[in-house]
Amino acid sequence: MNGLWAIVALVAFPGGLSLLAGGLAYEWVDRKLLALFQNRVGPRWFQPLADTVKLLAKEEIIPDKANKILYIGLPIAALAGGLTAALYVPLAGLKPTYSFPGDLIVTLYLLSLLTLCIGLAGTNTLDRFSMIGATRTLTQVFSYEAPFLLALLGPAVAAGSWQISTIASYAENHWLILMQPVGFIVALIGLMGKLEMPPFDAPEAHTEISAGALTEYSGRGLAFFHLAKAVELIVGLTLVAAIYLGGVSNPLWFLVKTLALLLTLIGIQSLFTRLRIDQTVGLWWRYGTILVLLQWLVLILVKRM
Amino acid sequence: MTTNQETERFTISIGPQHPALKEPGSFQFTVDGEIVTKAYVRLGYAHRGIEKATEQRNYIQDLYLLERICGICSHIHATAFCLTAEKLAHVEAPPRAQAIRVLVAELERIHSHFLWIGVSAHEAGFDTLFMYSWRDRETVMDLLEGLTGNRVNYSANVLGGVKCDVDKEQKAAILAGLDFLEERTRHYFDVLTNDSMFLQRTRGIAVMSRNQAEVMGALGPTARASNVARDVRVESPYAAYKQYPVNMMLDTRGDLEARFVVRLNELFESFRLIRLILDTLPESALTVRFPRRIPGGEAVMRLEAPRGELFYFIKSNGTDKPERVKVRTPTISNMTSVIKLAVGHQLADVPMILAGIDPCFSCNDRTVQLTNARNGSSNTMTWEGLRQHGIEFYGGKRK
């Protein structure tokens, strides 16, 4: 029975297929609302799915002199990372499928896998745009990863546990957004950096470097990267909502809270101009990291007293 | 770490096909990390041989052809051709026609500048502003359609006058449209000069000193943003600009922000001018008779297109076809500044610097240089040589 449940959880619900569908649905909300905010019509509800199906059906062209194993393997690793990370977060308001002390760290690293894979995929081809895009992707990782991690560890310290489910149940009684507002903002914006959303889309700034690191990707590889991003969107939103917005104890709260977060993200996306990569790094290290560290200091002092 | 730039060059090709370019043009940027160390441009991809084609058509047909040099500033090309031909034929269009020419030209300037705001915002990654400014641009396009019947190639000119008149309803529509546009322009002015995120991408970027602008022959708003007092409407007024003088908009800073400010101020100036023209439109006929054959001679004309000075030269030979028509558009003069200013800036700033001059490739491509991709040799071909090459290339036997 346990084994059967594990298979269902991995393949159908809450991981696997339903997660992919959820990711695509959230991606559609993102695209549609952004379009409406920008005075455009936006895509129809099945557009992300149609894009994925189209890409999966397309021929995959592997460029000359690219390492074939890496070229095919990296998108799979990226998607696998996102799907695995989903097993440790309270998706759809349910208890995480798997849980162990310290799974917060594992989840965060699994979420970084996507960015690392994109960076490696960019350097794997000889394309100039890919190279520059990969450089920027990896530069961006180094800038947001530390503050993002610190922002999510703040609640862990408050809850006294590095296990997501424990933090989430602690958060249900404590709205951490009120106690650690800086951490919340940094975590939310860090998520945008992770997903390379505007204004942090310098790594794929298409007016400069086409599609950035993924310029040479087409067909299945590109579809996998897109799916990985959609999955990461939903996992990231769940994580931030569970930790900062008073937990996601039931499906309704899950929907309300994650969609509210998504709405905030869309607002930020439509309001700002793209940051140059040096400005992104400056923003994170000059403000993000320092503010989070200050909050840590306050947190530790309060805990001591 | 020292990099030997000659041997370890990392060159990025932007174009001829690239998402940043709405028209084909080829740029090569040598970068050191993110910093551009060398820039190179190659133009000619949108060369359509229009100048040559004018020699085989009569003046009336040429008017239609030349209006299609540019999709944005179509009216100014037609006006330039009309004014030059009228100069040669010693014909002067009636005052009402001249005023309507200026009216349409100023509406076109609004249209062009709104389009430019959108394009630059898009290059900076600010798509919301892009969408909004292009939505508002629809208003002025509708006004132009109401006035002339067309949204893009207005075809308002005929040799010796204009085709369209302004009646009371059109006047009311234009005034209402202008009120809306003025309000929007005020909003954009606020956004573009106060939004700190946007200013990060424009303030102090690509600063062109007054001296540089003069040396590189910058024109139009690009030059005026560097405090070069150069506006043909002011220094040698044509059409009805004598009766409706324009205030020149200048800025001393010379950076990208200044180019935004100058263009937005020009929008306000255009609104003022259009209102003034509509209030004091002189009464007269719209056209005068224009001869089919123009006596031999040469004439030049300078006009202020939305992007800068537009230069026309016509040589007539007494027939109904011109012997030579030469067009120089402002983009070709401003292109030097892009190449110069890009060096030392980040790659991310390059699209903004390029958009800063409001480039129009199809306007500026007056010549084409053929380069053999295999061995890099290049040569310029004569008309006859090109024709012969075409016949041989396609294996035809016809002479």
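In what follows, every heavy atom counts, from backbone to side chain, and hydrogens, waters and symmetry copies are set aside. So you know, we letter chains A, B, ... as the sequences are listed, proteins then strands, and number each from 1. Keep in mind it's a predicted model, so treat the numbers as computed, not measured.
- Judged by distance alone, with hydrogens and angles left aside, the side-chain atoms of A/Glu204 form no donor-acceptor pair with the main-chain N or O of A/Asp201 at under 3.5 Å.
- Contacts between residues 114-123 of chain A and chain B, defined by a heavy-atom separation under 4.5 Å, are made by no residue at all.
- One finds no salt bridge joining A/Glu27 and A/Lys229 here, because no Lys/Arg side-chain nitrogen approaches an Asp/Glu carboxylate oxygen to under 4.0 Å.
- A distance of 11.0 Å separates CG in B/Leu144 from OG1 in B/Thr139, rounded to the nearest 0.5 Å.
- Below 30°, between 30° and 60°, or above 60°: for B/Trp116 and B/Phe260 the angle between ring planes is between 30° and 60°, a tilted geometry.
- With a 4.5 Å cut-off on non-hydrogen atoms, B/Gln346 touches chain A through its side chain but not through its backbone.
- Figure legend: B/Arg137 and B/Trp134 shown as a cation-pi pair, the cationic atom lying under 6.0 angstrom from the six-membered ring centre and within 45 degrees of its axis.
- The only member of B/Arg307, B/Arg259, B/Arg109 that meets salt bridge (Lys or Arg N to Asp or Glu O under 4.0 Å) when paired with B/Asp358 is B/Arg307.
- For A/Phe37, the part sitting under 4.5 Å from any heavy atom of chain B is the backbone (N, CA, C, O) and nothing else.
- At a heavy-atom cut-off of under 4.5 Å, chain B is reached by no residue from residues 49-69 of chain A.
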Give every donor-acceptor pair under 3.5 Å between a side-chain atom in residues 265-272 of chain A and any protein atom, sequence neighbours left out.
residue	atom	partner	partner atom	Å
A/Gln269	NE2	A/Asp30	OD1	3.0
A/Ser270	OG	A/Ile266	O	3.3
A/Ser270	OG	A/Gly267	O	3.1

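- Counting heavy-atom pairs under 4.5 Å between each of B/Ile14, B/Thr11, B/Asp195 and chain A puts B/Thr11 at the top.
- Note on ring orientation: taking the six-membered ring where Trp is involved, the planes of A/Phe225 and A/Tyr217 are perpendicular (angle over 60°, cut-offs 30° and 60°).
- Between chain A and the residues B/Asp349, B/Val350, B/Val191, the most heavy-atom pairs under 4.5 angstrom are made by B/Asp349.
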Tabulate below the donor-acceptor pairs under 3.5 Å that side-chain atoms of residues 184-194 of chain A make, not counting sequence neighbours, or state none.
residue	atom	partner	partner atom	Å
A/Lys194	NZ	A/Ser112	OG	3.3
A/Lys194	NZ	A/Glu145	OE1	3.4

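- Contact tally against chain A (heavy-atom pairs below 4.5 Å) for B/Ala355, B/Ala121, B/Gly125: the top residue is B/Gly125.
- Panel note: side chain B/Lys340, backbone B/Met216; no donor-acceptor pair is recorded below 3.5 Å.
- Figure legend: cation-pi geometry between B/Arg186 and B/Phe189 absent, as NZ or CZ is not positioned both under 6.0 Å from the six-membered ring centre and within 45° of its axis.
- Using a distance-only test at 3.5 Å, with no hydrogens or angles considered, a donor-acceptor pair links the side chain of A/Thr289 to the main chain of A/Trp284.
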